[in-house]
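Below is one structure, written out as structure tokens; comments come after it.
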Protein chains: 2
Amino acid sequence: MQFDEAKNKFVQTWGALGSQWGINKTMAQIHALLMVSKEPVSMEDIMQELQISRGNASMNLRGLMDWGIVYKANKPGERREFFIAEKDLDELATKIAKERSKREIKPALKVLKEVSAVEGDTSEEAKHFVAQTKKLYDFVLKADEMIDKVTEYKDNWLGKLMMKILR
Amino acid sequence: MQFDEAKNKFVQTWGALGSQWGINKTMAQIHALLMVSKEPVSMEDIMQELQISRGNASMNLRGLMDWGIVYKANKPGERREFFIAEKDLDELATKIAKERSKREIKPALKVLKEVSAVEGDTSEEAKHFVAQTKKLYDFVLKADEMIDKVTEYKDNWLGKLMMKILR
DNA sequence: TCAAACTTTCAAAAATAATTGAAAGTTTTT
DNA sequence: AAAAACTTTCAATTATTTTTGAAAGTTTGA
């Protein structure tokens, strides 16, 4: 396969995969593009390569920066802004995990705690509801704590974790 | 909080959370409803409680069964079909993980392998592309293998894994 | 301070995804 | 074998999400 063809295929695939995971396709594509670019990339270049509008590029770059996985980079002597992606995969996974925990898991835990505090109702349905949501709370809490622990390692936690699991 | 209110809040929240994760809102809601229902639930009841059409209920129940996390249950003496959810959380997580691996991770690995096999081009950009996609391949492969290992435990792997991580 | 160079914002338009509902399909009962 | 009881399918509709592009905003350099 040729470089251009491969790069394109990678960007497209990453975009489609992002969609399935609830990530805006363009955002995933921009991220993919930056991941495999050695040099910082300008907004102009991103628009060009992905054939998207300026507004679209701007908003999705902002989104990626909010996730903490894309940074601005200034090229000396250049007026406009360039962008680079966090390329260290351990660091990338850590940031995504932490951000998802903050944005999604923590709020879900809050709701689970609230709803498992049903009072008064002694019906079997109600009892089962409380038991089930409590179990879910414990499970999600444990999973979230695991993410915390795992991302403390920082360096190559995935590899180290593999070692442990494999005995 | 009252039981009805709590149940409703749980179902709504789960639906919203599902959306963020790329899961059809109704599918997530049906799953939530079944998770906290002690008795098998009929399609009629699901339509009623979630205020959705028959077609919608039918298709999303099919989807949930394809994921292997909802089953048909026949009530003795009853003509119509009832549905129940996999309620064991370890089992649930295992099934979801395995299914996502099969549907999404495995195909992604395939593409990563393909695109990292760029040939001929000796430019710095091309070299960086190959290096980066290879790293990504290794990382994703390792993560996928971890899922395999972890789901082998079957019983309470999350708890056991926590023990290990916490030393 | 002004204007050029660039970025952000956001209402409107376009694209995508989900939902409906009625017809077609299936299974069970009489 | 026909009707009754139920489920599935899918073309059309509706809702949601994403994208555009031009105006407003910002920063830099003369």
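Fair warning: this is a prediction, and the values are worked out from it, not measured in the lab. First the proteins, then the strands, lettered A, B, ... as listed; each starts at 1.
Atom CD1 of B:I46 is separated from atom P of D:dT8 by 11 Å (rounded to the nearest Å). The separation between A:M59 atom CE and C:dA12 atom C1' is 14 Å, rounded to whole Å. In this entry the distance linking CZ of A:R80 with P of C:dT8 reads 14 Å, nearest Å. Taking atom CE on B:M65 and atom P on D:dT7, their separation rounds to 11 Å, with Å as the unit. If you take CH2 of A:W21 and P of D:dT17, they are 20 Å apart, rounded to a whole angstrom. Across the protein-nucleic acid pair, A:M43 atom CE and C:dC6 atom C1' stand 8 Å apart, rounded to whole Å. Rounding to whole angstrom units, CG of residue B:N24 and P of C:dA17 are separated by 12 Å. In this structure, B:E44 atom CD and D:dT7 atom C1' are separated by 11 Å, rounded to whole Å.
Residues B:L136 and A:W14 are in side-chain contact: their nearest non-hydrogen atoms beyond the backbone lie under 4.5 Å apart. When side chains are defined from C-beta on, B:R103 does not count as touching A:Q20, because their heavy atoms never get closer than 4.5 Å.
Considering only side-chain N and O atoms, A:N60 lies nowhere under 4.0 angstrom from the phosphate OP1 or OP2 of D:dT18. Put simply, B:N56 has no side-chain N or O that comes within less than 4.0 Å of OP1 or OP2 on C:dG21. The phosphate of D:dT19 has OP1 or OP2 within less than 4.0 Å of a side-chain N or O from A:T26. Distances shorter than 4.0 Å separate some side-chain N or O of B:R54 from OP1 or OP2 on D:dT7.
In summary, the side chains of A:K106 and A:S101 do present a donor paired with an acceptor at a separation below 3.5 Å, with no hydrogens or angles considered.
Taking a 6.0 Å sphere around CD of B:Q48, one finds it holds 12 or fewer heavy atoms contributed by other residues, nucleotides or ligands. Atom NZ of B:K87 has more than 12 neighbouring heavy atoms from other residues, nucleotides or ligands inside a 6.0 Å radius.
Annotation: of the two residues near DNA chain C, A:E78 and A:S19, the 5′-most nearest-nucleotide partner is A:E78. Along DNA chain D, the nucleotide nearest A:I52 and the nucleotide nearest B:F83 are compared for position; the residue whose nucleotide lies closer to the 5' end is B:F83.
In this structure, of C:dT7, D:dT8, D:dC6, it is D:dC6 that holds the atom nearest to the side chain of B:R79. With distances taken from any side-chain atom of B:R62 to the nucleotides D:dT20, C:dT8, D:dT8, the minimum falls on D:dT8.
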